[in-house]
Amino acid sequence: MSEINTHYRNCNICEAMCGLEITYQDNQILSIKGDQLDPFSQGYNCPKSLALEDFYTDKDRLKTPIRRTATGWEDISWDEAFSEITEKFKGIQQQHGNNALAVYLGNPNAHSLGNALFLKPFMKSLGTINRFSSASADQLPHHVAANFMFGAGMLIPVPDIDRTDFMLIIGGNPVVSNGSMMTAPNVIGRMKAIQKRGGKIVVVDPRRTRTAKIADQHLFIRPEKDALLLLALIHCVFDSNMVNLRHLETQVDGLDDVESLAKHYSPELVAEFVGINATSIRTLAADMLAADSAVCYSRMGASTQTFGGLCLWLTNVLNIITGNFDRAGGAMFPQPAFDLLRNHQPGHKSSFGQHQTRVRKLPFFNGEFPVATLAEEIQTPGEGQIRSVITVAGNPVLSAPSGHKLAQAFAGLDYMVSVDIYLNETTQYANIILPGTTGVENSHFDIFFNSFSVRNTVKYSPPLFDQQPDQRSDWQILKQISARMLNIATDDPMQKITPEMLLDMELKKGPYGEEGMSLQKLIDNPHGIDIGPLMPCLAERIKTADGKVNLFPQIYRDDLPR
Ligand SMILES: Nc1nc2c(c(=O)[nH]1)N[C@H]1C(S)=C(S)[C@@H](COP(=O)(O)OP(=O)(O)OC[C@H]3O[C@@H](n4cnc5c(=O)[nH]c(N)nc54)[C@H](O)[C@@H]3O)O[C@H]1N2
Ligand SMILES: Nc1nc2c(c(=O)[nH]1)N[C@H]1C(S)=C(S)[C@@H](COP(=O)(O)OP(=O)(O)OC[C@H]3O[C@@H](n4cnc5c(=O)[nH]c(N)nc54)[C@H](O)[C@@H]3O)O[C@H]1N2
Ligand code: SF4
Ligand SMILES: [Mo]
């Protein structure tokens, strides 16, 4: 037996990016604890992080490809799997058109460095516009608001939870979820710190959640009436002459139009619909206005509902007109070291509505269609019908709206592939399952969640254990399928590119590149590097053509009559 060693990495199970300290001996994990020296999480971890060991040792986990046969599943070689898959995909696309093949991407893709980097070229190599993901069952309204108000779908403001004096949480349960679109390790500790410094937390939720229990005030709301509540709060801000754009005075377009709209939504008018009395609504607005700094944070319950678009737009409006935008303690833009918007030109035309789904004519956005339409796109006969699907790290039969219909739809496909580590509700319909390495077997860097983080930090995690000779990582699987779809030779120089090469390049070209940010610097700092609290950066980060915030985008004007 060799000696006991210690390994430091970020947990990649949820959005919180907690730093972990893992002790191990040979290929056995002995303990998983919070890393006290991680500057962001400072020793916090939750019980879910222990699952990193379970993933590593689980006997049920798949490690090499399997193929479904009439008599059950059989093991096959990687080469045989890749040959069959690309032959089938090409055949189906030749016969029925490129869009006969669809892709579904699940949540773990966002928690994987390799997947986050190689999915884009992978999807391009498939040449289909039929792309779906869990994002449309979750957070698209956040991206739509960012797109139309700030000029880029990824430019999403996050609550500056560490400095705010007043936090209004609408439809989020961070005490249980550990926070979402708000990367904040030990979110409970950060919430309690608000209260300790004399601040206040108000929760708006139809249920008495654990978050509501630790809040100072809980307002029960009728489901899906949040847009009306937000309009009434905005009404109160205008009504009391308290609009204050601060440094954004010349950078906001559409204020008068918002005022004209909000006039019609007094607390007295909406109270009955919303289920919260007018006095409570007026007091809520007054409390928010009286605080030195305040932020409204809306999440799943506000996003995944009939009026999710309006909710996320109005949340931004409320933060902006109360002077709590791009300012300490309000809603702010992170400045990640790996900047996903590095090449995003101001005024760049968004993909919203570039294509429509065949059956229900729903719009394409952010490179994809709503997953709620996937089953009907498979089951409705006609030109452009989907006949083949590849899922990557997703379980839409369980997770997507009307998943039972997807089960039927998948069962009727000509050919299906899943890149997944388990045989489950979704992957059982695949002809071939390709399992990648996961968790501690992979290197990690949080490309997405650093973009939604309440503090600017940066950290790289090397793999803890080596890949076995018969294992592949997800990104190697995706690259192999791409190469074969495009008939690229295995010795092509592009085939040698690794996630680490791309990461190093982005860090050097990124906003801290001149200060020596690089992969090597991160390797030398295994606990991570603190860059500091969020800084006002709207003027530099905004991506609209004229550099102004569009307070009242047309898409919401069009939606209001509904
Ligand atoms: N009823 C209901 N439905 C919901 C929600 C809800 O609250 N209630 N929440 C919605 C939300 S917010 C989301 S984000 C979606 C999530 O929707 P999905 O992403 O479709 O669902 P998950 O269960 O996260 O699927 C994860 C899949 O990835 C596999 N997997 C895990 N790790 C890896 C890996 O490293 N590599 C690969 N290749 N595969 C891996 C797992 O085996 C599993 O099949 O669900 C949505 N659906
Ligand atoms: N343990 C665990 N943690 C997770 C996950 C997990 O699967 N397991 N999934 C992760 C993912 S992918 C995500 S996206 C996050 C989600 O993180 P959160 O958004 O923080 O958590 P949810 O439980 O989805 O909270 C939604 C809340 O909205 C409320 N709600 C429902 N309808 C309405 C409404 O009409 N109006 C209002 N105001 N509220 C409403 C619900 O009662 C619920 O309390 O959690 C992450 N964390
Ligand atoms: S809160 Fe999330 S990131 Fe932190 S230890 Fe738990 S699962 Fe991992
Ligand atoms: Mo999610």
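Remember, it's 1-based here, ligands and their atoms both numbered in the order they're listed. All figures in this text were calculated on a predicted structure; none of them were measured in a lab.
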State the [atom1]-[atom2] distance between [X] and [Y], to the nearest 0.5 angstrom.
| X | Y | atom1 | atom2 | value |
| --- | --- | --- | --- | --- |
| Asp35 | Tyr44 | CG | OH | 15.0 Å |
| Cys296 | Leu318 | SG | CG | 5.5 Å |
| Met288 | Thr283 | CE | OG1 | 14.5 Å |
| Thr437 | Arg61 | OG1 | CZ | 7.5 Å |
| Phe132 | Leu374 | CZ | CG | 5.0 Å |

Hey, which atoms in ligand 2 end up nearer than 4.0 Å to a heavy atom of [X]?
| X | answer |
| --- | --- |
| Met300 | 16 (C), 19 (O), 24 (O), 26 (C) |
| Ile170 | 38 (N) |
| Pro174 | 20 (O) |
| Arg299 | 14 (S), 19 (O) |
| Ile221 | 38 (N) |
| Asp138 | 14 (S) |
| Thr209 | 44 (O) |

Give me the nearest non-hydrogen protein atom to [atom] as residue plus atom name, then the distance to 0.1 Å.
| atom | value |
| --- | --- |
| atom 12 (S) of ligand 2 | Asn107 ND2, 3.2 Å |
| atom 6 (Fe) of ligand 3 | Cys46 SG, 2.3 Å |
| atom 29 (C) of ligand 2 | Asp205 OD2, 3.2 Å |
| atom 13 (C) of ligand 2 | Ser180 OG, 3.8 Å |
| atom 26 (C) of ligand 2 | Gly171 O, 3.4 Å |
| atom 8 (Fe) of ligand 3 | Cys11 SG, 2.3 Å |
| atom 8 (N) of ligand 2 | Lys48 NZ, 4.1 Å |
| atom 30 (N) of ligand 2 | Gly301 CA, 3.6 Å |
| atom 4 (Fe) of ligand 3 | Cys18 SG, 2.3 Å |
| atom 35 (O) of ligand 2 | Glu224 N, 2.7 Å |

Are any non-hydrogen protein atoms located under 4.0 Å from [atom]?
| atom | answer |
| --- | --- |
| atom 10 (C) of ligand 2 | no |
| atom 5 (C) of ligand 2 | no |
| atom 33 (C) of ligand 2 | yes |
| atom 24 (O) of ligand 2 | yes |
| atom 38 (N) of ligand 2 | yes |

Sub-3.5 Å N/O-N/O distance, [X] and ligand 2:
| X | answer |
| --- | --- |
| Arg222 | no |
| Asp226 | yes |
| Glu15 | no |
| Pro206 | no |
| Asn178 | no |
| Asn173 | yes |
| Ser177 | yes |

Using the ring pair (Phe, Tyr, Trp, His ring centres under 6.0 Å) rule, take Tyr56 and Tyr24 through it: C-alpha gap first, then chi angles, then the decisive distance, then the call. CA-CA 13 Å; Tyr56 184 59; Tyr24 66 100; over 10 Å; no
Is the closest basic N to carboxylate O distance between [X] and [Y] below 4.0 Å?
| X | Y | value |
| --- | --- | --- |
| Arg222 | Glu272 | no |
| Arg455 | Asp162 | no |
| Asp138 | Arg299 | yes |

Any [X] side-chain heavy atom under 4.5 Å of [Y] side chain:
| X | Y | answer |
| --- | --- | --- |
| Phe148 | Phe552 | no |
| Thr373 | Glu376 | yes |
| Asn442 | Trp475 | no |

Looking at [Y], is its backbone amide N or carbonyl O close enough to the side chain of [X] to form a donor-acceptor pair, meaning the two atoms are under 3.5 Å apart?
| X | Y | result |
| --- | --- | --- |
| Arg208 | His218 | no |
| Ser136 | Ser133 | yes |
| Tyr460 | Ser443 | no |

Check Met17 against ligand 3 and report side chain, backbone, both or neither, counting heavy atoms closer than 4.0 Å. backbone
Any N/O/S atom from Cys14 (main chain or side chain) under 2.8 Å of atom 8 (Fe) of ligand 3? no
